[in-house]
Each structure stands twice: as structure tokens, then as C-alpha cells.
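Right, one structure below, let's go through it.
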Protein chains: 2
Amino acid sequence: MRATIREVAREAGVSPSTVSRALSTPEMVNATTRERVLRAAQRLGYAPNRAARGLITGRTGNIGLIVPDLANPFFPSVVKGVQARAREADYAVFLADTDEDPTAEVGLIRVLGKQVDGLILCSPRAREEEIRDLCESTTLVMVNRRFGSVPSVVFDNVDGMRQAVAHLQALGHERVAWVGGPRTSWSSRDRVRGLRTATAAAGMELVVAGHFPPHFEGGVAAADLIIASGVTSVIAYNDLMALGLLGRLRDRGVRVPQDMSVIGIDDIQMSAMSAPALTTVSLGKAQAGRAAVDLLISLLEQPEGVRNARRELPTQLLVRASTGVARTN
Amino acid sequence: MRATIREVAREAGVSPSTVSRALSTPEMVNATTRERVLRAAQRLGYAPNRAARGLITGRTGNIGLIVPDLANPFFPSVVKGVQARAREADYAVFLADTDEDPTAEVGLIRVLGKQVDGLILCSPRAREEEIRDLCESTTLVMVNRRFGSVPSVVFDNVDGMRQAVAHLQALGHERVAWVGGPRTSWSSRDRVRGLRTATAAAGMELVVAGHFPPHFEGGVAAADLIIASGVTSVIAYNDLMALGLLGRLRDRGVRVPQDMSVIGIDDIQMSAMSAPALTTVSLGKAQAGRAAVDLLISLLEQPEGVRNARRELPTQLLVRASTGVARTN
DNA sequence: CATGCCCTTGCAAACGGTTTCAGACTGACG
DNA sequence: CGTCAGTCTGAAACCGTTTGCAAGGGCATG
């Protein structure tokens with residue numbers, strides 16, 4: 001059995017309240033008794049029971065993190081960031097994976113929401129009104145999605161798309177295709193929006209190839225459409241899909257980058273290791289996780305006092321081998 | 001504010017104790033009052049406060065999961081399995097990532113161990129005596145490691161290596177290299193042991209190339225040693241390293257599988273998508289996660305009554321394009 | 001010397017459940 | 001009709017903390 005605060009109190013010859021104060025509000029107790037208490041606690045290996053503390057303070061010291069699919073390498077990176085920062089702040093992290101199912105997502109938010117102080121929703125797929133509704137009962141922070149005044153951390157997709165388009169234009173491309181992600185993905189919509197702006201400004205033609213599952217297979221499925229569309233360059237919703245494109249293009253005998261330039265988004269580990277290595281719009285994934293924790297904690301500590309509950313993180317084009325000078329036929 | 005048991009009691013016109021019983025031991029309360037209580041609870045959207053319940057029952061309803069590195073695709077798969085099964089059993093999962101640091105690992109086990117009913121250690125890197133020590137104070141289950149009587153879920157590495165070696169032998173290979181993982185990895189040691197047995201039985205020569213970090217780069221680093229060793233086939237500690245091998249072999253102009261056959265272990269998503277697709281020893285990763293949860297829960301529910309606290313999961317060789325008939329010079 | 005203030009500490013009441021124990025009621029039986 | 005067993009319910013104690021309140025002591029001030 002673990003030591004309780006009473007045993008520490010007895011060991012130190014003080015009352016339980018003094019022990020409690022010595023540990024949580026040290027400035028309220030005399031230096032010498034504090035010392036004595038700390039030493040006793042040390043001796044007994046005492047650590048406060050978080051459930052008991054939570055019962056009275058109403059805070060659990062836990063935060064929840066919900067992601068659509070851990071198998072997509074984007075998410076583990078975010079999770080690592082969340083997890084590391086939460087630990088620094090002495091919060092523990094509940095993790096849940098929805099398998100890309102919006103209904104499961106809402107259910108999970110509901111049940112997990114009761115066990116935590118706040119929730120981080122990474123790339124949530126639920127409908128806006130549902131999230132708005134959930135917002136009432138739980139403090140939550142979204143990553144990779146933005147609407148209304150819901151606190152959020154997003155990437156500057158517009159600028160990322162601008163960089164990608166500028167890169168392609170510099171290589172002489174005039175037509176670029178977009179391979180979209182899930183219909184329910186806010187960032188897919190945001191990216192195609194940025195892309196429209198950027199291509200229009202650059203005087204390039206944009207071919208939107210529709211929505212595909214955000215996996216390798218999605219990219220494979222899109223590849224033939226892309227080839228048929230006659231573009232010389234393509235930007236995919238994420239790296240996994242871009243790698244799928246790469247694979248199918250090779251099978252079809254389309255050379256990358258000579259015949260087709262390919263750009264991904266996310267900068268997952270694998271994209272540096274493919275052949276050719278993938279040019280990609282790099283996102284600070286762990287950074288986003290950390291930012292979300294910081295935002296959530298500040299929200300928890302001064303519920304009303306947070307001036308700006310939206311954070312936008314920069315993106316950076318990483319030029320590798322999958323983009324090259326446009327084919328001139 | 002959330003409804004408490006007292007409000008439900010008032011709403012239903014009974015005492016709090018009756019509400020408690022109606023929810024947790026329904027057979028102890030009269031059918032009609034039970035019905036009334038349940039309806040009142042429903043109306044108020046009542047859900048018991050887990051901290052309060054935990055305070056008296058001494059159980060939190062949480063389990064902890066500690067993995068070395070979420071960025072390694074092996075682990076997210078296990079996490080998904082753990083997570084899904086835990087949710088079915090109404091447990092929530094704390095996740096922590098140690099960044100492959102054994103010291104951090106021990107620290108995490110200590111702190112997380114106090115907030116959960118039990119802990120799942122996936123591929124733990126800590127020293128045996130430390131784990132044995134931790135065992136005293138926390139009920140824990142190891143995945144991918146086995147020693148003493150610590151409850152564990154492991155893969156049948158010996159049989160996996162047997163299958164791989166049989167496959168290579170059938171293809172006419174006589175010399176095979178092993179690219180090992182971290183020195184602290186039990187499964188690396190277990191696999192090389194199985195490999196020794198299998199190659200000896202098959203009359204093949206085994207070249208052990210030492211220890212490498214379990215990443216893509218580790219495989220890259222090992223590749224030149226492998227080429228120099230003159231073997232015609234190589235088995236890597238995991239798929240990530242095998243993919244690294246593949247990449248470096250291509251750069252060096254060594255054709256796979258004509259000049260060199262390559263086998264990985266794990267069957268991560270990416271290994272089906274590489275060119276050539278990777279032959280690999282497939283492991284039921286999510287299954288291992290589920291098994292670990294089942295084992296942990298049965299341990300929690302009948303602390304002494306578990307006859308066999310060790311589970312061994314089968315492995316299956318997946319033949320793809322990276323293995324072929326041995327080069328005959 | 002009496003008064004008042006500050007600093008430090010202890011007492012006791014919460015927090016929201018579960019569980020032990022005893023009491024009320026019912027029906028059966030002698 | 002009295003007794004007894006059995007079923008169901010309520011009162012109260014308890015789990016391990018935090019915290020509002022009050023009391024005690026020391027010290028400066030009038």
C-alpha cells in the first residue's frame with residue numbers, strides 16, 4: 001500500500017493539512033517545518049493520490065488526445081509532441097484513435113471528456129455543430145482544423161501551397177493537379193483553397209482530382225487520373241498519397257521527375273527515403289502537438305483570460321528529388 | 001456542472017446508496033425501483049465520477065502503455081490494438097513514449113504506475129532487475145520481451161526465423177547475414193538465437209553484422225558491411241532497417257533480389273509498398289496489443305488465479321518481391 | 001501592560017462515490 | 001397470532017486530499 005498524507009504527517013509530527021500545504025503551497029509554511037515534512041515525504045516515498053486530489057479540486061491532471069488514425073505517420077509525430085509537453089507540465093495523456101469514424105469520434109469525445117480537464121482533437125472529422133455542441137461541456141483545442149472561435153492550432157496551408165506553386169512555376173510547369181484527401185478533412189479544403197489562390201496568381205492551370213482516402217492506396221488510385229489529365233505536376237493531400245502516386249507512376253512507366261513532378265505534404269519520415277526522395281511541404285508536427293498542449297493549459301488556467309486562442313504554424317517547402325524542370329513536348 | 005449521485009437519488013426518490021447499487025450491482029435492488037433509478041439517471045445524464053469511485057474502490061479504470069518510440073510504425077499498430085480492446089473493456093489508456101531512453105522508461109513506469117491499475121510495457125529497454133523491482137509495486141505485462149515469470153506477450157521469433165531460413169534455403173541461398181537491432185532489445189537477441197538454430201539445422205552459414213539503431217538509417221549503415229561480407233541474403237531486425245538496406249543497396253547498384261535477397265520483420269505498412277516489395281516475417285501487432293490488455297485485465301481481476309501469464313503469438317513469413325533465387329557466381 | 005496584527009498551524013468540512021450494518025417490511029410457518 | 005427468515009432500503013462511515021476558519025504565539029505599537 002502506498003503512503004498517505006496522514007502517515008507523512010505522523011512521521012513529520014505535524015497535521016495532514018500542513019503536509020498538504022508544504023507540498024502544494026510551500027510559501028505558506030515555515031521553512032523548517034517544510035523541510036521536515038519534505039524529508040518525511042521523501043523517506044516514505046509519498047506521492048499524493050491524484051484521484052483524491054481531483055475529487056476536491058475538480059481537476060484530474062489529465063488531458064485527452066483524439067486522433068483519426070495512428071497508422072498514418074502524421075499522427076504519431078503529433079502525439080509525441082503532445083505527450084512530451086504534457087509530461088513537462090505534469091499532465092498525463094489519454095490517447096484514443098477513432099479509425100477515421102466521425103461517429104466513434106463524437107462518442108469518444110463524450111466519454112473521454114468526462115475523465116479529463118481538456119481535450120485535444122487532432123484533425124477532427126465530426127460535423128461543425130457537433131463540435132460546437134461538445135465545446136459547451138468540455139474545454140477543447142483542435143489541431144488541423146479551424147472554425148468559429150474554437151481554440152485551434154493549424155498550419156499555414158495557404159502559404160505552403162504558395163511555396164509549392166512558386167517552386168513548380170520556377171521549374172516551368174503550367175498545369176498542376178491536386179489530389180484531395182477525405183471530404184471530411186478541413187485541411188484538405190483549406191489546402192485546395194490556398195492552391196486556387198496561388199495558381200490563379202501564378203497564371204497556372206489547376207486540375208482538381210477529387211477526394212481519395214488519405215493512404216498510400218489513395219495515391220495509387222489517383223495516379224491514373226493524373227496521368228490522363230495531361231498535367232506535368234501534381235500536389236497530393238499528404239505524403240502517404242504522394243508515395244502511392246510515386247509507386248503507381250513508376251509502374252506505369254512515368255518517370256519522376258522527368259515526366260511528372262510530385263509534391264507531398266507533411267514531411268513524414270518515409271518521404272525522405274523513397275526513390276526518388278519526395279519534395280514536400282514540411283509541417284512542424286511535434287511543434288503543433290506542443291502548441292496545442294500549451295494552448296489547452298493556458299485555457300484551463302485562465303478560462304477567460306486567453307486573448308487569442310488560435311495559433312498558426314509556418315510551413316516550409318522541402319525540395320528533394322521528385323520535382324524537376326517541366327517536360328516540354 | 002455534472003449531476004451527482006445525490007441528485008439522481010432525489011430525482012428518483014431514493015437514497016444515494018440505492019442509486020449506487022442500481023448502477024453497479026443491479027441484482028441487489030428491486031426491479032421497479034431499479035427502473036426508476038435508471039430512468040432518473042438517464043434524465044439527468046448522470047455518469048459516476050471515476051475519481052470518486054476510484055478513491056473508495058482503489059481502482060482507477062485506467063491502464064498505462066509505454067512504448068520506446070511512436071515514430072517506429074511497429075508501435076502505433078500495437079497501440080491501436082491496446083486502445084481498441086481497452087475501450088471495449090471500459091478502460092482508458094495512458095500513453096507514454098520514452099524516446100528509446102531506458103532511464104526515462106523507468107521514470108515513466110514509476111510515475112505512470114501510480115495513476116493506473118496496470119501497465120503494459122511494449123518492448124521495454126530497462127534492465128531486468130529494474131523491471132523485476134517495478135513488478136513488486138505495479139502489475140505489469142510486457143510485450144515483446146520475456147524473462148522470469150513476468151507476464152508477457154511475445155511473438156514466436158524462433159519459428160519466424162525458421163520460416164525465413166527455410167524460404168532462403170529453398171531459393172538456394174547458402175550464406176545469410178543478420179542485421180541486429182538495439183543491444184537492449186530482447187527480441188533482437190531472441191531472433192538471432194532462433195536464426196542460429198535454424199541456419200545450423202539447414203547447414204547454412206550465418207554472418208552476424210552487429211547492432212544498429214532500429215531505424216531506416218540503421219539499415220543504410222549496415223548495407224555496406226553486408227555487401228562486403230559476400231552473402232547472398234540478409235535478414236534485418238525490422239522492416240524499417242530492411243527498407244534502409246534496400247535503399248542503400250540500390251544506390252550501390254546491387255540488384256534486389258537478383259544479387260541479394262532481403263527479408264524484414266514486422267510487416268509494417270510501408271514494406272508492401274517499397275520497390276521491390278519487401279519479403280517479411282509478419283507479426284500480429286494489433287493482436288499483441290489486444291492480448292496484452294486481456295492478460296492485464298485477467299491479472300487485475302484475479303490477481304493469483306491466472307494459470308499461465310505468458311502468451312506466444314504465431315508469426316508468418318510473407319513472401320514478396322525482395323527475395324529470389326540465389327545468385328550463382 | 002493591553003491591544004492588535006501577522007505568521008503559522010490544526011481542526012473539520014467538504015468532494016462524490018461505495019459498502020457495511022442495521023432496520024423495516026413482507027410472507028411463511030408453527 | 002407470534003416468530004423467523006429473507007428481501008430490500010437507508011444511515012453512516014470511509015477513501016485521501018484540499019481548504020476555510022479559527023486559534024495560538026510572537027512581536028510591535030500605543
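These numbers were taken from a predicted model, which means no experiment stands behind them. The sequence lines fix the lettering, A, B, ..., with proteins before strands; numbering per chain opens at 1.
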Could you tell me whether A:Arg6 contacts a base, only the sugar-phosphate backbone, or nothing, with contacts defined as non-hydrogen atoms closer than 4.0 Å?
base
Watson-Crick or G-U stems of DNA chain C, 3 or more pairs, under 3.5 Å, by first number
C:1-30 with D:1-30
What's the CG-C1' distance between B:Leu55 and C:dA14, to the nearest Å?
13 Å
Under 4.0 Å, heavy atoms only, any strand: does B:Thr4 hit a base, just the sugar-phosphate, or nothing?
sugar-phosphate
Starting at atom CD1 of B:Ile56, determine the distance to atom P of C:dA14, rounded to an integer number of angstrom.
18 Å
Can you tell me how the ring of B:Phe155 sits relative to the ring of B:Phe74, calling it parallel under 30°, perpendicular over 60° and tilted otherwise?
perpendicular
Let me know the distance between CG of B:Asn30 and P of C:dC25, rounded to the nearest Å.
15 Å
d(CG, B:Asn49; C1', C:dG16) in whole Å:
6 Å
Go through it in stages, so that I can follow the logic: the residues are B:Ile5 and B:Ser20, the test is side chain to side chain contact (heavy atoms under 4.5 Å, CB included), and I'd like the CA-CA distance, side-chain angles, deciding distance and then a yes or no.
CA-CA 7 Å; B:Ile5 204 172; B:Ser20 173; 3.7 Å; yes
Atom CZ of B:Arg53 and atom C1' of C:dC15 are separated, to the nearest Å, by 16 Å
Supply the atom-to-atom distance A:Trp186 CH2 to A:Met142 CE, rounded to the nearest 0.5 angstrom.
8.5 Å
May I ask you to say what B:Val19 touches in the nucleic acid, namely base, sugar-phosphate or nothing, with a heavy-atom cut-off under 4.0 Å?
nothing
So CG of B:Asp90 and CZ of B:Arg50: to nearest 0.5 Å the spacing works out to 5.0 Å
Non-neighbouring partners of B:Arg6 that pass side chain to side chain contact (heavy atoms under 4.5 Å, CB included), sequence neighbours left out
B:Thr4, B:Pro16
Extract, from 5' to 3' on DNA chain D, the first and final nucleotides lying under 4.0 angstrom from some heavy atom of chain B.
D:dC8 to D:dG16
Taking for B:Ala52 and for B:Ser15 the nucleotide of DNA chain D with the nearest heavy atom, the one nearer the 5' end belongs to B:Ser15
Give a yes or no answer on whether the side chain of B:Thr57 reaches the backbone of B:Arg59 with a donor-acceptor pair at less than 3.5 Å.
yes
Does a side chain donor of either B:Ser152 or B:Arg310 reach within less than 3.5 Å of an acceptor in the other side chain?
no
How many whole angstroms separate atom CD of A:Gln115 from atom C1' of C:dG16?
15 Å
Base, sugar-phosphate or nothing for A:Thr18? Non-hydrogen atoms, less than 4.0 Å.
sugar-phosphate
Run the salt-bridge test on A:Asp69 and B:Lys80 with the 4.0 Å N-O cut-off and return the result as yes or no.
yes
When you match B:Gly13 and A:Ser24 each to their closest nucleotide on DNA chain D, which lands nearer the 5' end?
B:Gly13
Given DNA chain C, 5'-ward residue of the pair B:Ala47 and B:Arg21, judged by closest heavy atom
B:Ala47
Between B:Met28 (CE) and C:dT20 (C1'), how many Å, whole number?
10 Å
For the side chain of A:Thr57 and the base of C:dC15, is some donor closer than 3.5 Å to an acceptor across the two?
no
Are any side-chain N or O atoms of A:Asn62 and backbone N or O atoms of A:Val93, one a donor and one an acceptor, separated by less than 3.5 Å?
no
SB check B:Asp294 B:Arg311 (cutoff 4.0 Å)
no
